[in-house]
Each structure stands twice: as C-alpha cells, then as structure tokens.
Amino acid sequence: MAAEVLPSARWLYCGEPDGSQRAVLVQFSNGKLQNPGNMHFTLYKSKDFTNPRKRSQRILAAETDRLSYVGSNFGTGALKCNSLCRHFVGILNKTSGQMEVYDAELFNMQPLFSDESLESELPSQSQTKTFREKMDSCIEAFGTTKQKRALNSRRMNRVGNESLNLAVAKAAENIIDTKGVTALVSDAIQDDLQDDSLYLPPCYTDADKPEDVYKFEDLLSPVEYEALKSPSEAFRNVTSEEILKMIEENSHCSFVIEALKSLPSNEESRDRQARCIWFLDTLIKFRAQKVIKRKSALGPGVPHIINTKLLKHFTCLTYNNGSLRNLISDSMKAKITAYVIILALHINDFQIDLTMLQRDLKLSEKRITEIAKAMRLKISKRRVPVAADREEEHRLGTLSIPLPPAQTSDHQLKRRRVT
C-alpha cells in the first residue's frame, strides 16, 4: 500500500501587508466572539510621524449591536507580548501553493461602557481627587460587602467628627461670650501655676521631720516594697569586684554605683537601701524610653506589680496606627524625675548631689533645679573632687525643716508675662 502524500506549501514571507501597518489580530477580554459578521472594526493611526514612539501607536475600535470595544498597542491596556515576541498571519494561495506570511499585531479588546455621569464629570475635577477618594470610588463600584461596610462606617465617623468639631467651636464661642476673655486668661495663668504640682507626689508641709515631708509609703506600697526583695538581691549582695565591673561596662548610672559603694552593714538597713536603689535604677532606665511597645516595659526581670505601676503611673495611653501604646510624655518624664529625687533623698539622708542626678537623667541644670525648687529643696553649691588634682562645682539639694517657700519655674513666669 502506497504511503499517503500530505499536501505541502511553500513559505513566502511578505512583511507588512499595508506598507506601514501590520495585520491585526484581536482577542476579547470578556469572552469569545460568536458571530464575527456583526462586528465592525475601525483602526486609528497616530498622525505624529516625527516622533518615533508615537508613529507606531494604533487604536482599534469595534462595534456590535450591544457593546463597543476598544484596544490599543500603547499605554496600560497594551499587551506586553507584542514587544516580547512576533506574531504572523499565514494565507494559503491554493493556485500557487504558497503560504503568504505577513507580520501581525495582537490587540486586547475591552468593552467600553458609556456612563452619563462619567461623561458629565470634568477632567479637572477627577484630577483633583485624592488617592483616598479614588479608592473609595473603586470600592463603591467593585468592592466586596465587607469593604463597602467599612467605607460606610468610616464616612459616618467622619460626619460625626465634623459635627463634634462644630459643637465644640460653638460651645467655645458661648463660653467666651459669657465669661469674657479676661477671665479665661486669668484661669489659664492659674493652671500654669499648678503645672509643677501635677507631677509631684503628695507633700506634707506640716511635717516635723524631713522623712515625713514626702512619705516613703506614697512612693512604694507595702506590697510593691515586698515585690522588690527578689530583683534587688544582686544589689544587696554586691561585691567590690562587681561594682568595678559595673563601672567598666557602664551598666548603671553614677548615682547607683556611688550608693552601692556605701551600703550599710546592718542587714535590715542594707536590704531597704538595696530595694530603693534597685527601684531608682529601674525608674531611670524606664525614663530613657519614649514609647512602650510591649507589656513588659523593661524585660522579664521586673516584677509584674512593679511593671503595672510603671505603666499606670508614669505613661500616657495613646492611640496610633490602629493600636494603643504607652507613651512617656514630657510631663511623665518630669514626674519620674521627681520620684527619682525623692527616692535619692530617702537613700542619702535627705541631701543629694543634683549635678550627678542631672547627668544620669540627661537633664539640663536649669530644669532639674526648677523641679528641686518646686519640691521645696534648699539648693547649695559644693566643690567635689573628680580627679587626682581637679575639682568641679556641684549643686546639692537638701530637704530640711522648715521648708522654704515653693518657687514658680522660670518658664511659667515667662508665659505669664507673655499672656
């Protein structure tokens, strides 16, 4: 039986069928074409022949009884395959037996919807929309039920905030009209004068002894004091070698190291001093932070009750990026400074080196002096040896009876004069 001979054709490459225009191939993004006879195609060419990029730009339009389609070979809707590979169309000439091959170009046809609301919108208005407004429009048109619900909730909150702002503004106007500007300014001055007292612990001005002016129980409750027994054990049993190692590693501040050098030998007094020094050291380390991002402020070594005290009494709760955070604000830093000063007074028989504490707390001399004066401390100066042949002047703070009058800080007096 003779083998079947398959028909063959010779390949004849003809280039572009129309000089500067390749053959057009189309695909539809929303389905397949069922009745090609109803389609009417129109090809639009760019008139800019001088620009090499725009010279080859084409737009293909197609119309049916129900929809219109458009595709282009440039812009975001263009197919990348046109630049990555070549397309060809072959036409078989049965008379000559040649397959005439022409260059082709593929267009992705997308349906074009005519929306009267979009046609009436000015281009300038659409360009002035923010990215958020454009995203909201997309969610309204194509978003899921959950996205649309979140969008409506956000818009309702925005309306609520606007209403609240209007109500607050109206209330402020009524207060100004009723009370008068002079009275409001006077109230503001009184508030400024009370600024320092906001972060100071209770002060018993009628006390007979310095230790009763700022009571130790107001700093640490009996339960909190008991919780310090375990973490302060390292300070209670510290050796001279360990203190030297602390100095070399710079692991603790100067005040803590000096206090550890002079721990009493009496067991009960030594235990009390060690607990106070440990809590003072913890406060200084806590003050150096800005935002507390985790529940344990200073790591697992801090007892839970002490950690809770730090977060509750020395931080402000703030809302940021959808989450709650504990922030150590400037006023909270001043409050921590006041507590550190009082602890240092109880440790050092109610006379402390303010210059040393100022450096440990990274404060200016002026600021720590303001806080010390607000706490009714007497300020004096003394020369302290810092090297073999060198001395420097330090400020001392002493809590003694009778208490000196409270002094208003300089920054409050300046605001008062400006007002």
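- Enclosure of atom CZ in F88 by more than 12 non-hydrogen atoms of other residues, nucleotides or ligands within 6.0 angstrom is indicated.
- By the 4.5 Å heavy-atom criterion applied to side chains, L79 and F107 are not counted as neighbours.
- Heavy-atom neighbours of E63 CD from other residues, nucleotides or ligands within 6.0 Å: at or below the threshold of 12.
- Looking only at side-chain heavy atoms (C-beta outward), M99 and I91 stay at 4.5 Å or farther from each other.
- Salt-bridge check for R367 with E370: passed, with a basic side-chain N closer than 4.0 Å to an acidic carboxylate O.
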Next on the checklist: Please determine whether side chain to side chain contact (heavy atoms under 4.5 Å, CB included) holds for the pair T355 and I368, giving the CA-CA distance in whole Å, both sets of side-chain angles, and the decisive distance to 0.1 Å.
Outcome noted: CA-CA 9 Å; T355 302; I368 199 168; over 6 Å; no
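- Under the 3.5 Å distance criterion, the side-chain polar atoms of R287 are matched with a main-chain donor or acceptor of L361.
- One finds no salt bridge joining R395 and D353 here, because no Lys/Arg side-chain nitrogen approaches an Asp/Glu carboxylate oxygen to under 4.0 Å.
- You'll find the ring centres of Y225 and F279 outside the 6.0 Å limit.
- Within the 4.5 Å cutoff, no side-chain heavy atoms of T239 are placed close to those of I243.
- Distance CZ/R86 to CG/D103: 5.0 Å, rounded to 0.5 Å.
- In terms of heavy-atom proximity, P404 sits nearest to R376 at O-NE, 2.5 Å.
- Panel note: side chain N73, backbone R58; a donor-acceptor pair is recorded below 3.5 Å.
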Next on the checklist: Would F314 and Y339 count as a ring-ring contact (aromatic ring centres under 6.0 Å, His included) here? Give the steps.
Outcome noted: CA-CA 10 Å; F314 301 109; Y339 273 72; 5.1 Å; yes
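- Remark: side-chain polar atoms of D360 are paired, donor with acceptor, to backbone N or O of S254 under 3.5 angstrom.
- Looking only at distances, no side-chain donor or acceptor of E249 sits under 3.5 Å from a matching main-chain atom of M246.
- Screening residues 51-81 for ring pair (Phe, Tyr, Trp, His ring centres under 6.0 Å), with sequence neighbours left out, gives F28-Y69.
- Put simply, the side chain of Q358 gets close to the backbone of L363: a donor and an acceptor are under 3.5 Å apart.
- Salt-bridge annotation for R155 and E140: present, with a side-chain N of the basic residue lying under 4.0 Å from a carboxylate O of the acidic one.
- No side-chain heavy atom of F350 sits less than 4.5 Å from a side-chain heavy atom of V213.
- Among all heavy-atom pairs drawn from S329 and S331, the shortest one is OG-OG, 3.1 Å.
- Without hydrogens or angle criteria, Q147 side chain to T144 main chain gives a donor-acceptor distance under 3.5 Å.
- Of the possible polar contacts, one joining the H346 side chain to the Y214 backbone as a donor-acceptor pair under 3.5 Å is found.
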Next on the checklist: Determine whether R55 and D48 satisfy the following criterion, salt bridge (Lys or Arg N to Asp or Glu O under 4.0 Å), listing intermediate values before the conclusion.
Outcome noted: CA-CA 6 Å; R55 185 168 51 197; D48 192 351; over 6 Å; no
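- Residue S46 holds its OG atom at 9.0 Å from CD1 of I59, rounded to the nearest 0.5 Å.
- Looking at residues two or more places apart in sequence or on another chain, you find a side-chain contact (heavy atoms from CB on, under 4.5 Å) between K148 and I139.
- Formation of a donor-acceptor pair under 3.5 Å by the K229 side chain with backbone atoms of R275 is not found in this model.
- What you find for P303 and W278 is that their closest heavy atoms are CD-CH2, 3.9 Å.
- With sequence neighbours excluded, the residues satisfying side-chain hydrogen bond (donor to acceptor under 3.5 Å, both in side chains) with K378 are S400.
- In this structure, NZ in K45 is found 12.0 Å from OG in S56, a value given to the nearest 0.5 Å.
- To the nearest 0.5 angstrom, L43 atom CG is 8.5 Å from E105 atom CD.
- Between E242 and R236 no salt bridge is recorded (no basic side-chain N to carboxylate O distance below 4.0 Å).
- By the 6.0 Å contact criterion, NE2 on H304 is open, its count of non-hydrogen atoms from other residues, nucleotides or ligands being 12 or less.
- Remark: R270 is not positioned above the aromatic ring of F235, lacking an NZ or CZ atom under 6.0 angstrom from the ring centre and at most 45 degrees off the axis.
- Contact check for L343 versus L283: side-chain heavy atoms found under the 4.5 Å cut-off.
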Next on the checklist: Under the criterion side chain to side chain contact (heavy atoms under 4.5 Å, CB included), I'd like the reasoning laid out for F41 against L60: C-alpha separation, chi angles, the key distance, then a yes or no.
Outcome noted: CA-CA 7 Å; F41 291 92; L60 182 65; 4.2 Å; yes
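- Considering only heavy atoms from C-beta on, K373 stays 4.5 Å or farther from L377 through its side chain.
- Considering all non-hydrogen atoms of both residues, L25 and V89 come closest at CD2-CG2, 3.6 Å.
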Checklist entry - For L263 and V238, what are the C-alpha separation, side-chain angles and deciding distance, and is it a side chain to side chain contact (heavy atoms under 4.5 Å, CB included)? => result CA-CA 9 Å; L263 280 174; V238 70; 4.0 Å; yes
Checklist entry - Passes salt bridge (Lys or Arg N to Asp or Glu O under 4.0 Å), K312 versus E224? Steps please. => result CA-CA 14 Å; K312 183 178 179 180; E224 293 166 349; over 6 Å; no
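- Here the closest heavy-atom approach between residue P201 and residue A338 is recorded as CD-CB, 4.3 Å.
- No side-chain donor-acceptor contact under 3.5 Å links S221 to the backbone of E217.
- For the atom pair SG (C276) and CG (L228), the distance works out to 8.0 Å, reported to the nearest 0.5 Å.
- Within the 4.5 Å cutoff, the side chain of L280 has heavy atoms near those of the V256 side chain.
- In this structure, the separation between OG1 on T315 and CD1 on I336 is 8.5 Å, given to the nearest 0.5 Å.
- Looking at Q351 and T398, their side chains do bring a donor and an acceptor atom within 3.5 Å of each other.
- The minimum heavy-atom distance between I379 and G397, with the atom names listed, is CD1-CA, 4.4 Å.
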Next on the checklist: Would H87 and C85 count as a side chain to side chain contact (heavy atoms under 4.5 Å, CB included) here? Give the steps.
Outcome noted: CA-CA 7 Å; H87 297 85; C85 57; 4.0 Å; yes
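- Residues L354 and H394 are not in side-chain contact: their nearest non-hydrogen atoms beyond the backbone lie 4.5 Å or more apart.
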